[in-house]
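Here's the structure, in C-alpha coordinates; my notes come after.
Since this is a predicted model, take the numbers as computed values, not measurements.
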Amino acid sequence: MVMGLGVLLLVFVLGLGLTPPTLAQDNSRYTHFLTQHYDAKPQGRDHRYCESIMRRRGLTSPCKDINTFIHGNKRSIKAICENKNGNPHRENLRISKSSFQVTTCKLHGGSPWPPCQYRATAGFRKVVVACENGLPVHLDQSIFRRP
(Lines give C-alpha, C1' and ligand atoms only; values in the text may rest on other atoms or scores of the structure.)
Protein backbone atom coordinates (compact mmCIF):
# COMPACT_ATOMS: atom_id res chain seq x y z
CA MET A 1 0.00 0.00 0.00
CA VAL A 2 2.79 2.43 0.95
CA MET A 3 4.67 1.52 -2.23
CA GLY A 4 1.53 2.23 -4.32
CA LEU A 5 1.05 5.63 -2.69
CA GLY A 6 4.71 6.46 -3.30
CA VAL A 7 4.37 5.68 -7.01
CA LEU A 8 1.14 7.68 -7.19
CA LEU A 9 2.81 10.64 -5.50
CA LEU A 10 5.78 10.40 -7.89
CA VAL A 11 3.47 10.41 -10.93
CA PHE A 12 1.58 13.42 -9.52
CA VAL A 13 4.78 15.40 -8.87
CA LEU A 14 6.15 14.58 -12.32
CA GLY A 15 2.83 15.63 -13.84
CA LEU A 16 3.09 19.02 -12.15
CA GLY A 17 6.58 19.47 -13.55
CA LEU A 18 5.37 18.67 -17.05
CA THR A 19 2.39 21.07 -16.96
CA PRO A 20 2.93 23.62 -19.70
CA PRO A 21 4.15 26.92 -18.26
CA THR A 22 2.04 28.80 -20.81
CA LEU A 23 -1.10 28.02 -18.82
CA ALA A 24 0.26 29.86 -15.79
CA GLN A 25 1.53 32.70 -18.01
CA ASP A 26 -1.89 33.06 -19.66
CA ASN A 27 -3.53 33.38 -16.28
CA SER A 28 -0.95 35.95 -15.18
CA ARG A 29 -1.53 38.00 -18.36
CA TYR A 30 -5.28 37.84 -17.74
CA THR A 31 -4.75 38.87 -14.11
CA HIS A 32 -2.58 41.78 -15.31
CA PHE A 33 -5.34 42.76 -17.76
CA LEU A 34 -7.87 42.80 -14.91
CA THR A 35 -5.54 44.90 -12.74
CA GLN A 36 -5.06 47.47 -15.47
CA HIS A 37 -8.51 47.58 -17.05
CA TYR A 38 -11.26 46.15 -14.85
CA ASP A 39 -13.23 47.77 -12.06
CA ALA A 40 -16.60 46.13 -11.45
CA LYS A 41 -18.27 48.83 -9.39
CA PRO A 42 -16.52 52.19 -9.56
CA GLN A 43 -17.00 54.73 -6.80
CA GLY A 44 -17.70 57.80 -8.92
CA ARG A 45 -16.30 58.24 -12.38
CA ASP A 46 -14.63 61.63 -12.21
CA HIS A 47 -11.03 62.88 -12.00
CA ARG A 48 -10.80 61.88 -8.31
CA TYR A 49 -11.81 58.34 -9.25
CA CYS A 50 -9.11 58.25 -11.94
CA GLU A 51 -6.38 59.64 -9.71
CA SER A 52 -7.26 57.21 -6.93
CA ILE A 53 -7.60 54.01 -8.97
CA MET A 54 -4.54 54.75 -11.12
CA ARG A 55 -2.48 55.16 -7.95
CA ARG A 56 -3.95 52.04 -6.27
CA ARG A 57 -3.36 49.91 -9.36
CA GLY A 58 0.30 50.98 -9.64
CA LEU A 59 -0.08 52.93 -12.88
CA THR A 60 1.53 56.17 -11.68
CA SER A 61 5.25 55.53 -11.52
CA PRO A 62 5.71 56.95 -14.11
CA CYS A 63 2.25 58.34 -14.83
CA LYS A 64 0.53 56.30 -17.54
CA ASP A 65 -0.74 58.63 -20.30
CA ILE A 66 -4.11 56.99 -20.81
CA ASN A 67 -5.91 54.01 -19.34
CA THR A 68 -9.44 52.69 -19.65
CA PHE A 69 -11.37 50.78 -17.00
CA ILE A 70 -14.21 48.48 -18.01
CA HIS A 71 -17.10 48.23 -15.57
CA GLY A 72 -19.42 45.25 -15.42
CA ASN A 73 -18.85 41.56 -14.88
CA LYS A 74 -15.86 39.42 -15.81
CA ARG A 75 -18.00 36.82 -17.57
CA SER A 76 -19.19 39.36 -20.17
CA ILE A 77 -15.64 40.57 -20.75
CA LYS A 78 -14.32 37.00 -21.14
CA ALA A 79 -17.16 36.30 -23.58
CA ILE A 80 -15.63 38.83 -26.01
CA CYS A 81 -12.99 36.17 -26.67
CA GLU A 82 -15.77 33.82 -27.80
CA ASN A 83 -18.60 34.25 -30.27
CA LYS A 84 -20.97 34.83 -27.33
CA ASN A 85 -20.04 38.50 -27.05
CA GLY A 86 -17.27 39.08 -29.57
CA ASN A 87 -16.49 39.21 -33.27
CA PRO A 88 -13.11 39.12 -35.05
CA HIS A 89 -11.62 42.58 -35.51
CA ARG A 90 -8.35 43.57 -37.24
CA GLU A 91 -5.48 41.13 -37.00
CA ASN A 92 -5.77 39.07 -33.79
CA LEU A 93 -8.24 41.33 -31.98
CA ARG A 94 -11.89 40.91 -31.05
CA ILE A 95 -14.57 43.57 -30.70
CA SER A 96 -17.42 43.21 -28.23
CA LYS A 97 -20.93 42.79 -29.56
CA SER A 98 -22.33 44.69 -26.59
CA SER A 99 -21.34 48.03 -25.16
CA PHE A 100 -19.69 48.28 -21.76
CA GLN A 101 -19.72 51.09 -19.25
CA VAL A 102 -16.15 52.46 -19.30
CA THR A 103 -14.09 55.22 -17.75
CA THR A 104 -11.05 56.49 -19.61
CA CYS A 105 -8.44 58.27 -17.50
CA LYS A 106 -6.19 60.65 -19.41
CA LEU A 107 -3.11 62.29 -17.92
CA HIS A 108 -3.56 66.03 -17.49
CA GLY A 109 -0.46 68.13 -17.00
CA GLY A 110 3.11 68.07 -18.16
CA SER A 111 5.07 65.84 -15.82
CA PRO A 112 5.19 62.06 -16.21
CA TRP A 113 6.00 61.73 -12.50
CA PRO A 114 3.71 61.78 -9.46
CA PRO A 115 1.61 63.36 -8.34
CA CYS A 116 -0.33 62.37 -11.48
CA GLN A 117 -3.41 64.35 -12.40
CA TYR A 118 -6.06 62.69 -14.55
CA ARG A 119 -9.24 63.72 -16.30
CA ALA A 120 -12.06 61.21 -16.67
CA THR A 121 -14.29 60.48 -19.64
CA ALA A 122 -17.19 58.18 -18.80
CA GLY A 123 -19.44 56.48 -21.28
CA PHE A 124 -20.62 53.28 -22.93
CA ARG A 125 -18.52 51.76 -25.71
CA LYS A 126 -17.71 48.56 -27.46
CA VAL A 127 -14.27 47.36 -26.47
CA VAL A 128 -11.51 45.72 -28.49
CA VAL A 129 -9.31 43.13 -26.82
CA ALA A 130 -6.56 40.69 -27.69
CA CYS A 131 -7.24 37.17 -26.42
CA GLU A 132 -5.06 34.22 -25.57
CA ASN A 133 -6.56 30.83 -24.74
CA GLY A 134 -10.01 32.32 -24.38
CA LEU A 135 -8.99 35.10 -21.99
CA PRO A 136 -8.59 38.83 -22.66
CA VAL A 137 -4.97 39.89 -22.17
CA HIS A 138 -4.78 43.34 -23.80
CA LEU A 139 -7.18 46.25 -24.26
CA ASP A 140 -6.72 48.05 -27.55
CA GLN A 141 -7.02 51.76 -26.80
CA SER A 142 -7.45 52.81 -30.43
CA ILE A 143 -11.19 52.12 -30.29
CA PHE A 144 -11.58 55.05 -27.90
CA ARG A 145 -9.93 57.65 -30.10
CA ARG A 146 -11.98 59.74 -32.44
CA PRO A 147 -10.89 59.95 -36.12
Side-chain angles (χ1 to χ4, degrees), residues 8-147:
L8 185 60
L9 181 62
L10 178 62
V11 169
F12 177 73
V13 170
L14 286 175
L16 287 177
L18 297 176
T19 302
T22 55
L23 186 59
Q25 289 170 350
D26 290 341
N27 286 337
S28 70
R29 291 195 68 199
Y30 172 62
T31 301
H32 183 71
F33 170 86
L34 292 175
T35 299
Q36 284 199 323
H37 301 295
Y38 176 70
D39 186 25
K41 297 177 182 173
Q43 299 298 315
R45 293 173 61 203
D46 58 11
H47 68 279
R48 279 174 266 152
Y49 164 78
C50 281
E51 290 167 4
S52 173
I53 194 164
M54 294 291 284
R55 187 175 50 255
R56 282 192 326 257
R57 299 288 176 94
L59 303 173
T60 58
S61 196
C63 305
K64 189 172 180 183
D65 286 336
I66 188 168
N67 195 70
T68 298
F69 292 96
I70 304 169
H71 314 300
N73 68 57
K74 292 179 192 176
R75 198 172 343 147
S76 296
I77 297 169
K78 280 189 204 178
I80 298 169
C81 296
E82 305 166 2
N83 290 330
K84 291 178 187 174
N85 191 25
N87 289 318
H89 182 76
R90 294 191 337 244
E91 300 168 13
N92 296 326
L93 301 174
R94 299 201 42 99
I95 187 167
S96 64
K97 291 179 181 177
S98 63
S99 292
F100 288 87
Q101 184 180 26
V102 298
T103 303
T104 300
C105 302
K106 188 171 183 182
L107 185 64
H108 180 76
S111 174
W113 299 104
C116 308
Q117 295 181 340
Y118 288 94
R119 294 293 173 249
T121 303
F124 287 86
R125 299 205 175 92
K126 292 185 177 184
V127 295
V128 175
V129 297
C131 301
E132 287 181 4
N133 295 327
L135 297 172
V137 295
H138 170 74
L139 178 65
D140 185 64
Q141 295 289 357
S142 65
I143 193 73
F144 301 108
R145 295 185 188 131
R146 294 188 178 174

(message) Between N85 and S76, is there a side-chain donor-acceptor contact under 3.5 Å, judged purely by atom types and distance?
(response)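 No donor-acceptor contact under 3.5 Å links the two side chains.
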
Between [X] (side chain only) and [Y] (backbone N and O only), is there a donor and an acceptor less than 3.5 Å apart?
X    : Y    : answer
R94  : E82  : yes
Y38  : G72  : yes
K84  : K78  : no
T103 : F69  : no
E51  : Q117 : no

Contact check, side chains of [X] and [Y], non-hydrogen atoms, under 4.5 Å:
X    : Y    : value
L59  : Q36  : yes
C116 : L107 : yes
Y118 : H47  : no

(message) Using 30° and 60° as the class boundaries, would you call the ring planes of H37 and F33 parallel, tilted or perpendicular?
(response)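 Tilted: the ring planes of H37 and F33 meet at 30° to 60°.
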
Roughly how far apart are [X] [atom1] and [Y] [atom2], rounded to 0.5 Å?
X    : Y   : atom1 : atom2 : answer
C105 : D65 : SG    : CG    : 12.5 Å
M54  : S61 : CE    : OG    : 12.0 Å
I80  : S98 : CD1   : OG    : 6.5 Å

(request) Quick one: do L139 and N67 satisfy side-chain contact (heavy atoms from CB on, under 4.5 Å)? Show the steps, please. (result) CA-CA 9 Å; L139 178 65; N67 195 70; over 6 Å; no

What pair of heavy atoms forms the shortest contact from [X] to [Y], and how long is it?
X    : Y    : value
L34  : R57  : O-NH1, 3.5 Å
T68  : V102 : CG2-CB, 3.9 Å
W113 : C63  : C-SG, 3.6 Å
R125 : T104 : NH1-OG1, 4.2 Å
T60  : P114 : O-CG, 2.9 Å
I77  : F100 : CG1-CE2, 3.7 Å

(message) Can you confirm whether more than 12 heavy atoms, excluding those of R119, are under 6.0 Å from its CZ atom?
(response) yes

(message) Within the supplied structure, the quantity of interest is the number of heavy atoms (other residues, nucleotides, ligands) at a distance under 6.0 Å from K106 NZ; does it exceed 12?
(response)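 Counting neighbours around NZ of K106, 12 or fewer heavy atoms of other residues, nucleotides or ligands fall under 6.0 Å, so no.
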
(message) H89 vs D140, test: side-chain contact (heavy atoms from CB on, under 4.5 Å). Steps then yes/no.
(response) CA-CA 11 Å; H89 182 76; D140 185 64; 5.8 Å; no

(message) Evaluate R56 against S52 for side-chain hydrogen bond (donor to acceptor under 3.5 Å, both in side chains), listing each step before the verdict.
(response) CA-CA 6 Å; R56 282 192 326 257; S52 173; 2.7 Å; yes

